[in-house]
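Structure first, commentary second.
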Amino acid sequence: MFKKQSNVLFGGATANSQYEGSYNVGNKGLDTQDLRPYIPRDSNATTSTRLLSKKVVENAKKSLETNSYPFRNGSKGYEFCDEDLSLLKELGLHVYRFSINWARLFPNGDDENINLDGVKYYDKIIKSIHNAGIKIFLTMNHFCYPINFIEKYGGWKNRKSVDLYLKYAKTVFELWGEYIDFYLPFNEINAGYFSPYNGVGLIKEDDEDYNLSDVFQSLHHQFVASAKVIELGKKMVKGKFGCMAACFCYYPYSCRPEDNLKYVKDEEVYQWFCLDVLSRGKYPSYMKRFFNENNVKIDVLDDDLVCLENNTADFVSFSYYQSSVVSTSEKELTAGNLVVTVKNPYLKATDWGWQIDPIGLRITLNKVYDRYQKPVFISENGLGYKDVLENGKIHDQYRIDYLKEHIEQIDEAVKDGVDVIGYIMWGIIDIVSAGSCEMEKRYGVVFVNGDNNGNGDYARIKKDSFEWYKNLLKERKI
Ligand code: BGP
């Protein structure tokens with residue numbers, strides 16, 4: 001399927017809602033990310049900025065205020081498109097991962113006709129990147145749905161979502177199939193469990209928790225949509241199709257059997273489940289017990305199971321930022337991507353509490369490859385940091401060290417026999433953070449001069465890491 005490559009493609013990523021801004025330009029429809037407010041980081045920020053309730057959604061829809069809703073500005077990628085494309089080419093990326101906003105092509109999600117302003121915008125990006133000899137890794141959906149799709153249909157809880165999504169996917173194949181090398185139907189599909197608003201478009205009742213049957217029914221419809229997108233795509237385009245989960249690299253806190261049992265079980269449900277369905281083509285048996293014990297009831301058609309079995313992913317990808325710890329007893333906690341986890345006494349953490357663990361990337365690569373025996377793509381890795389602009393410079397040696405240490409572990413994993421086909425650095429140009437809506441949580445090798453409240457000229461400034469990554473890309477060119 002893949003020519004055995006001794007090297008790995010290196011690249012960088014953005015995501016439409018975190019990057020583009022111009023939320024009401026070019027006839028784009030209002031989308032779920034446009035409604036997420038910025039709330040200064042505190043213990044409740046995650047809930048109110050990520051698990052949006054009806055009240056928060058209604059208030060946001062009434063507000064034309066841009067700066068209180070960071071994704072309405074993103075990092076102004078739409079406005080700075082030409083400059084950013086030049087920077088990506090100057091870097092010499094082997095592969096550029098980005099996402100298309102469904103609401104720019106079909107503003108309401110169910111429109112009869114496509115929005116030509118949206119086509120024009122993505123056409124420019126895709127052809128410019130392709131013609132520069134940079135491979136394209138397209139995230140077909142990255143936590144972002146037309147709000148009409150949520151309000152009129154109920155988001156992914158409604159089986160109708162599969163047909164609507166397939167129509168969008170078919171249009172993408174027709175318009176750009178000849179330019180795209182890698183397709184990812186859904187970003188971090190397991191995020192639907194941790195962040196149902198972002199992942200599966202479920203608006204939380206104001207004073208109730210999410211209903212788990214709704215969450216897993218929505219995930220099931222996304223599984224079916226992903227398989228149908230692959231089935232259709234194989235007939236229409238030449239690119240490879242992947243699946244993706246956020247990987248957490250769990251460690252048991254001790255050698256106590258109870259800690260290890262919890263480690264095995266947490267890893268199954270929160271990390272392997274979605275990848276098992278999309279890469280192996282069927283529901284794993286361990287989920288039956290989880291569904292029974294959590295009173296989860298979902299409708300699964302026989303045709304769904306046939307489609308899943310016949311249309312599995314060509315490659316498996318994952319995001320990796322930090323490792324996690326599992327304990328059955330009370331321990332000090334810390335934050336991580338999508339999850340809160342037990343603090344690991346052996347690791348340093350970022351300002352956001354994410355535990356920095358390069359060896360965890362090698363462990364994850366080995367486990368993912370052993371489990372699926374398919375080519376493995378690291379579709380996200382990077383360091384979120386509050387970079388400071390000093391006399392027009394950003395000295396981010398800490399980011400160079402983070403990236404260097406993680407890339408060294410990729411080389412070790414390749415020596416371990418893992419078929420690694422790509423590494424994509426997250427947030428190649430500073431973007432708004434998905435978890436906490438912060439512009440000042442920066443990942444890029446390019447600084448964007450904006451702050452959490454939308455102030456600044458959003459000028460692009462190369463960080464020290466820009467030259468470092470540019471040299472690595474040159475050295476490792478395949
Ligand atoms: C993942 C998302 C990315 C990115 C990343 C970093 O869940 O796929 O969109 O945002 O998390 O998280 P954050 O932006 O919250 O720092």
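Note that ligands are numbered from 1 as they come in the structure, with each ligand's atoms numbered from 1 the same way.
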Please check if the side chain of R36 supplies one atom and the backbone of D34 the other of a donor-acceptor pair under 3.5 Å.
no
Relative to the ring of Y193, is the ring of F290 parallel (under 30°), tilted (30 to 60°) or perpendicular (over 60°)?
perpendicular
Could you identify the single nearest non-hydrogen protein atom to atom 9 (O) of ligand 1 and state the distance to 0.1 Å?
Q18 OE1, 2.7 Å
Any idea which protein heavy atom is nearest atom 6 (C) of ligand 1, and the distance to it?
Y443 OH, 3.4 Å
Does any N or O atom in N187 lie less than 3.5 angstrom from one in ligand 1, N or O only?
yes
Do me a favour and list the nearest non-hydrogen protein atom to atom 15 (O) of ligand 1 with residue, atom name and distance?
G435 N, 2.7 Å
Hey, can you tell me if F315 and F377 have their rings parallel, tilted or perpendicular (30° and 60° cut-offs)?
tilted
protein heavy-atom neighbour closest to atom 11 (O) of ligand 1 works out as N337 OD1, 3.2 Å
With a 4.0 Å cut-off on heavy atoms, is W352 touching ligand 1?
no
What protein heavy atom sits nearest atom 12 (O) of ligand 1, and how far away is it?
W354 CH2, 3.4 Å
Atom 14 (O) of ligand 1: nearest protein contact (heavy atom, Å):
A434 N, 2.7 Å
Any chance the side chains of S323 and Q355 put a donor and an acceptor closer than 3.5 Å?
no
Between R442 and V448 (side chain of the first, backbone of the second, donor and acceptor by atom type, cut-off under 3.5 Å), is there such a pair?
yes
Decide whether a cation-pi geometry holds between K463 and F447; the criteria are a distance under 6.0 Å from NZ or CZ to the six-membered ring centre and an angle within 45° of the ring axis.
no
When distances are taken from atom 7 (O) of ligand 1, the protein heavy atom at minimum range is E188 OE1, 2.5 Å
Ionic contact status for E151 with K61, cut-off 4.0 Å
yes
Should A15 be counted as touching ligand 1, given the test is an N or O pair under 3.5 Å?
no
Determine, considering heavy atoms only, which of E438, M244, E380 sits nearest to atom 2 (C) of ligand 1.
E380
Per-atom filter on ligand 1: closer than 4.0 angstrom to a heavy atom of H142 are 2 (C), 3 (C), 8 (O), 9 (O)
